[in-house]
Amino acid sequence: MTIEKFMSAAVKSAVKQLYGMDAADEQIQIQLTNKEFAGDYTLVVFPLLKISRKSPEATANEIGERLKSLHAEIKSYNAIKGFLNIKFTAEFWVQRLNAAVKNENFGLSHGKGKKLMIEYSSPNTNKPLHLGHIRNNLLGYAVANILEADGNDVVKVNLVNDRGVHICKSMLAWQKFGNGETPESSGKKGDHLVGEYYVRYDKEYKKQLAEIIATGIDENEAKSKVQIQLEVQEMLRKWEAQNPEIIALWKKMNSWVYDGFNKTYNDLGVSFDKIYYESQTYLLGKSLVYEGLKKGVFFRKDDGSVWVDLTTDGLDQKLLLRSDDTSVYITQDLGTAQQRVAEYNIDQMIYVVGNEQNYHFQVLKLILKKLGFDWANSIHHLSYGMVELPEGKMKSREGTVVDADDLIEEMISTAQKMSKQLGKLDKLNAEEENRVCRMVGLGALKYFILKVDPQKTMLFDPKESIDFNGNTGPFIQYTHARIKSVLHKANELQAQIPQTSACADINEKEISLIKLIDIFPETLASAAKEFSPSTIANYAYDIAKEYNQYYHEYQILREENEEIKLFRLMLSQKVADMIKKSMKLLGIDVPDRM
RNA sequence: GGUCCGGUAGCUCAGCUGGAUAGAGCAUCAGAUUUCUAAUCUGACGGUCAUAGGUUCGAAUCCUAUCCGGAUCACCA
């Protein structure tokens, strides 16, 4: 039971005894006591004044007195204005810690039985992943972990956009200019290789367009005459007609890209339970549109295209089927949503997609509701903001993309450089050194991105992210490694770290560490509710920082009182456990030594 | 123009189911080391929580309006 719940019940019965009335849940406000006041938890008594009909101070004092006499766990209380600060006994805190230590799965919930599906990553197969994808992947994976730890059954899916005119562009350019180049023959990573031809196409297109314009033809007219574009359109038609040669090329080049993506996913430590391919789902949803047409939810325009009118909902009209009866993006999303709900019987569907698609998901939910699906409300768009660079925005069309693989590489090598400089790698062998540098470099990147509220546009400064001080992944990793080192040394000295302790002589720093451990379950629950890895990230930092201060102040191994020493070791071990658990939720590994 | 999102210290960000004197880190300055791992710790400096109203015992937090920034409003995905 959480302390808040315990206090809430205690206050209720105290109020009942004192004033003969029941207090409603929303009248009981309990929070952690601010640092500048003496106490552990605080009851805000303002809402109870209506019941007590006394001044804030008098009410607080009366309730405090009553609580103290009823509960041995309460050591003291003080009332300041309308705030009743409660202080618990040392025994109480030790007991809380012991309960947490004994419970292997402390903080993790089991079997609320909600079935969730989360879709993230969703790459295009015509170019490599970039910084924006990194935020997407890290968010999706972390949120999936958090939801799972909160007791849900989570299915992670990836919907790969493997078809369309953009893919044909890479294919055509490769055909025309590639000379049969392959990842094997060139030594290039598959997705990068294909991405190069996508760029090559664009270059050729611009060249041809300029040539036509130079002959004096109007720009708009010229655009429809570019030879290479006509060829691409022809290729797309062939693809849709299942032309064997084109299909074979498509399969070959896509497989290169998948090899490349898998390496990047592997580096980032993300994974999926199921991968969907758009080439297999893009025809879905048409039947839903026909159904809606029959119900009169949609309408057909003179040219044959099908639309939905959302003007009464404050939005515009939205196209659902083209005049040639082919489906568009939203048509297929309607279809895949329905298919997934039917196939997996999911309670909630989460889409990790950039905030430039907020409108799309708003429309998607509306349409599904209009079609009469109750589950439309269970769709959640986990929207995230763009990642900007100090020099400007990073959008592919502006040509300043930061390639995911390059960035990962840079993070690892910077981690290595800095670690070497600090002499942190001296005691490690080559394999360990490699492992630690990877962990630190990637930890820096992941933590930097995940600590920010997803909704917000964030600034990614490579220099700052690789700073090993302050609120960073490496700082937290370091704290963990240092605790582990102390524990290791203790074991060498043959101190046995106890599973429980009767130590009653604890200090304020220790109480605040226990408090932090104690709120882990609530923190996790709230992070799950908000789909917010940043909550967990900041928790990990808080506890690491608190521990560092503690560590600095008390010499654990030199402590002469054996009982206190063992207690401190036990506490340290639990703190390390909390750090590791939190970081694991974020998909960040922590080293035992560095 | 419509819709959505954001605006908190010089910079990067927490805090937002309304609670006490708004918090961290970076940067700057001043300190701490016979290390249990200094990738650390202590202190100082730094704020009209975009602006103006409103709601109430109390507002960074809720409501309204305005300003600034971003996204979006394709027979693209």
Side-chain angles (χ1 to χ4, degrees), chain A residues 26 29 31 33-37 42 44-47 49 56 80-83 85 122 124 161 163-166 278 282 301 303-307 311 313-324 326-330 332-333 354-363 383 385-386 388 390 393 415 418-419 421-424 427 440 448 451-453 455-461 463-465 467-472 474-475 477-479 481-490 493 526 529 534-535 537-538 541-542 545 548-559 572 593-594:
Chain A
E26 57 274 16
Q29 286 183 36
Q31 56 197 246
T33 302
N34 283 14
K35 277 200 183 115
E36 58 265 38
F37 299 96
T42 295
V44 183
V45 299
F46 289 109
L49 298 184
I80 299 170
K81 291 194 250 174
F83 300 92
N85 303 317
S122 316
N124 288 349
N161 182 2
R163 61 164 286 277
V165 71
H166 50 290
E278 212 182 284
Y282 79 106
K301 284 194 178 173
D303 62 2
S305 54
V306 178
W307 297 72
T311 48
D313 299 285
L315 304 174
D316 303 320
Q317 295 189 347
K318 182 83 188 169
L319 177 87
L320 298 175
L321 283 181
R322 297 192 185 96
S323 48
D324 63 4
T326 56
S327 58
V328 291
Y329 179 47
I330 196 150
Q332 84 170 265
D333 255 8
N355 62 9
E356 68 272 11
Q357 290 195 35
N358 285 356
Y359 180 73
H360 171 78
F361 281 97
Q362 206 183 341
V363 170
S383 164
M386 274 197 2
E388 289 179 352
K393 289 172 220 158
M418 300 190 70
S419 303
Q421 248 171 34
L422 291 160
K424 291 288 168 188
K427 290 178 199 155
V440 171
F448 191 89
K451 76 170 179 184
V452 182
D453 177 8
Q455 186 76 269
K456 289 186 176 170
T457 303
M458 69 171 290
L459 186 80
F460 180 78
D461 184 345
K463 265 185 248 151
E464 191 186 327
S465 78
D467 189 340
F468 290 75
N469 288 314
N471 187 356
T472 65
F475 168 71
Q477 290 172 318
Y478 172 68
T479 303
R482 184 204 249 164
I483 296 174
K484 281 291 183 187
S485 162
V486 170
L487 295 172
H488 181 73
K489 202 150 202 171
L493 300 172
S526 117
K529 205 170 144 203
S534 78
T535 303
N538 286 298
Y541 175 64
D542 283 347
K545 189 179 181 225
N548 266 303
Q549 292 169 3
Y550 174 66
Y551 172 88
H552 204 254
E553 199 168 330
Y554 299 96
Q555 306 268 310
I556 297 170
L557 291 177
R558 285 183 203 158
E559 174 59 51
S572 299
R593 48 185 301 212
M594 62 195 277

Might you list the N or O atoms of the protein lying below 3.5 Å from N or O atoms in nucleotides 14-16 of chain B, with each pair's distance?
unit_1	atom_1	unit_2	atom_2	d
B:A14	OP1	A:D453	N	2.3
B:A14	OP2	A:K456	NZ	2.9

Measure all distances between protein nitrogen or oxygen atoms and nitrogen or oxygen atoms of nucleotides 25-29 of chain B, and list the pairs falling under 3.5 Å.
unit_1	atom_1	unit_2	atom_2	d
B:G25	OP1	A:K545	NZ	3.3
B:G25	O2'	A:N471	N	3.4

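Of the side-chain N and O atoms in A:Q549, one or more sit less than 4.0 angstrom from OP1 or OP2 of B:U42. For the OP1/OP2 pair of B:C76 and a distance below 4.0 Å, the side-chain nitrogens and oxygens of A:R322 include at least one atom meeting the criterion. OP1 or OP2 of B:A39 lies within a sub-4.0 Å distance of a side-chain N or O belonging to A:K424.
Among the heavy atoms of the strands, none lies under 4.0 Å from A:A490. Nucleic acid contact class of A:S419 (heavy atoms, under 4.0 Å, all strands): base. Residue contacts for A:M458: at a heavy-atom cut-off of 4.0 Å it reaches the sugar-phosphate backbone alone, with no base atom in range. Counting non-hydrogen atoms under 4.0 angstrom, A:S383 reaches nothing in the nucleic acid.
In terms of polar N and O atoms assigned as donor or acceptor, the side chain of A:T479 never comes within less than 3.5 Å of the base of B:A39 in a complementary pairing.
Expressed to the nearest 0.5 Å, how far OG of A:S383 lies from CG of A:N358 amounts to 4.0 Å. The OG atom of A:S323 lies 11.0 Å from the NZ atom of A:K301; values are rounded to the nearest 0.5 Å. Within the model, atoms CZ of A:R163 and OH of A:Y282 stand 5.0 Å from one another, a figure rounded to the nearest 0.5 Å. Taken to the nearest 0.5 Å, the OH atom of A:Y359 stands 5.0 Å off from the CG atom of A:L315. The structure places NZ of A:K484 at 15.0 Å from CE of A:M594, a figure rounded to the nearest 0.5 Å. Taken from NZ in A:K545 to CG in A:N471, the straight-line distance is 9.5 Å, to the nearest 0.5 Å.
Between A:V440 and A:N34, the one whose closest nucleotide on RNA chain B sits nearer the 5' end is A:N34. Remark on RNA chain B: of its neighbouring residues A:K489 and A:P47, the 5'-side contact belongs to A:P47, judged by nearest-heavy-atom nucleotide.
Remark: side-chain polar atoms of A:N34 are not paired, donor with acceptor, to backbone N or O of A:E36 under 3.5 angstrom. Side chain of A:R322 to backbone of A:S305: no donor-acceptor contact under 3.5 angstrom is found.
One can place CD of A:Q29 at 8 Å from C1' of B:G18, the figure rounded to the nearest angstrom. Atom CG of A:D313 and atom P of B:G2 are 18 Å apart (whole Å). Atom P of nucleotide B:G6 and atom CG of A:L459 are separated by 18 Å, given to the nearest angstrom. Atom OH in A:Y550 sits about 19 Å away from atom C1' in B:U42, given to the nearest Å. In this entry the distance linking CG of A:L49 with P of B:G19 reads 17 Å, nearest Å. Rounded to an integer number of Å, the gap from A:E26 CD to B:G18 C1' is 14 Å. The separation between A:L321 atom CG and B:A74 atom P is 17 Å, rounded to whole Å. Protein atom CZ of A:F83 is 12 Å distant from nucleotide atom C1' of B:U21, rounded to whole Å.
Straight-line distance between the P atoms of B:G2 and B:U66: roughly 9 Å, to the nearest whole Å. Comparing the C1' positions of B:A77 and B:U48 gives a spacing of 45 Å, expressed to the nearest Å. Atom P of B:G46 sits at a distance of 35 Å from the matching atom of B:C57, rounded to the whole Å. For the C1' atom pair drawn from B:C68 and B:G23, the interatomic distance equals 25 Å after rounding to whole Å. Distance noted for atom P between B:A60 and B:G19: 9 Å (whole Å). For the P atom pair drawn from B:A50 and B:G6, the interatomic distance equals 12 Å after rounding to whole Å. Nucleotides B:A27 and B:U12 place their C1' atoms 11 Å apart, quoted to the nearest Å. Spacing between B:C41 and B:U8 at atom C1', rounded to whole Å, works out to 27 Å.
Within 6.0 Å of atom NZ in A:K529, 12 or fewer heavy atoms from other residues, nucleotides or ligands are found, so the atom counts as exposed in its surroundings.
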When you look at A:H360 and A:D333, which way does the side-chain contact (heavy atoms from CB on, under 4.5 Å) test go after all the steps? CA-CA 10 Å; A:H360 171 78; A:D333 255 8; 2.9 Å; yes
side-chain contact (heavy atoms from CB on, under 4.5 Å) assessment of A:V363 paired with A:D316: CA-CA 9 Å; A:V363 170; A:D316 303 320; over 6 Å; no
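Candidate nucleotides B:A77, B:U3, B:C5 were compared by shortest atom distance to the side chain of A:Q455, and B:C5 ranks first. Nearest to the side chain of A:N355, among B:U3, B:A71, B:G23, sits B:A71. Distance from the side chain of A:F475 is smallest for B:C41 among the nucleotides B:A20, B:C41, B:U72. Relative to the side chain of A:N85, the nucleotides B:U3, B:A77, B:A20 differ in distance, and B:A20 lies closest. Closest to the side chain of A:Y359, from the set B:C73, B:C41, B:A77, is B:C73.
Figure legend. B:U21 is base-paired to no nucleotide; pairs are counted as Watson-Crick or G-U wobble with both atom distances under 3.5 Å. Base pairing analysis places B:C41 opposite B:G31; the two distances defining the Watson-Crick or G-U wobble pair are each below 3.5 Å. Remark: B:C49 base-pairs with no nucleotide; criterion is Watson-Crick or G-U wobble with both hydrogen-bond distances under 3.5 Å. As the counterpart of B:C16, no nucleotide is assigned, since no Watson-Crick or G-U wobble pattern has both distances under 3.5 Å. Within the shown strands, nothing qualifies as a pairing partner of B:A59 under the Watson-Crick or G-U definition with both distances less than 3.5 Å. In this entry B:C26 has B:G10 as its Watson-Crick or G-U wobble partner, both defining distances falling under 3.5 Å. When both pairing distances are held under 3.5 Å, B:C4 makes a Watson-Crick or G-U pair with B:G70.
A perpendicular orientation is assigned to the rings of A:F460 and A:F448, their planes being inclined by more than 60° (bins at 30° and 60°).
A:T42 places none of its side-chain heavy atoms less than 4.5 Å from the side chain of A:F37.
Residue side chain A:F46 fails the stacking definition with respect to B:G58, as its ring centre and the base's six-membered ring centre are not both under 5.5 angstrom apart and under 30 degrees in plane angle.
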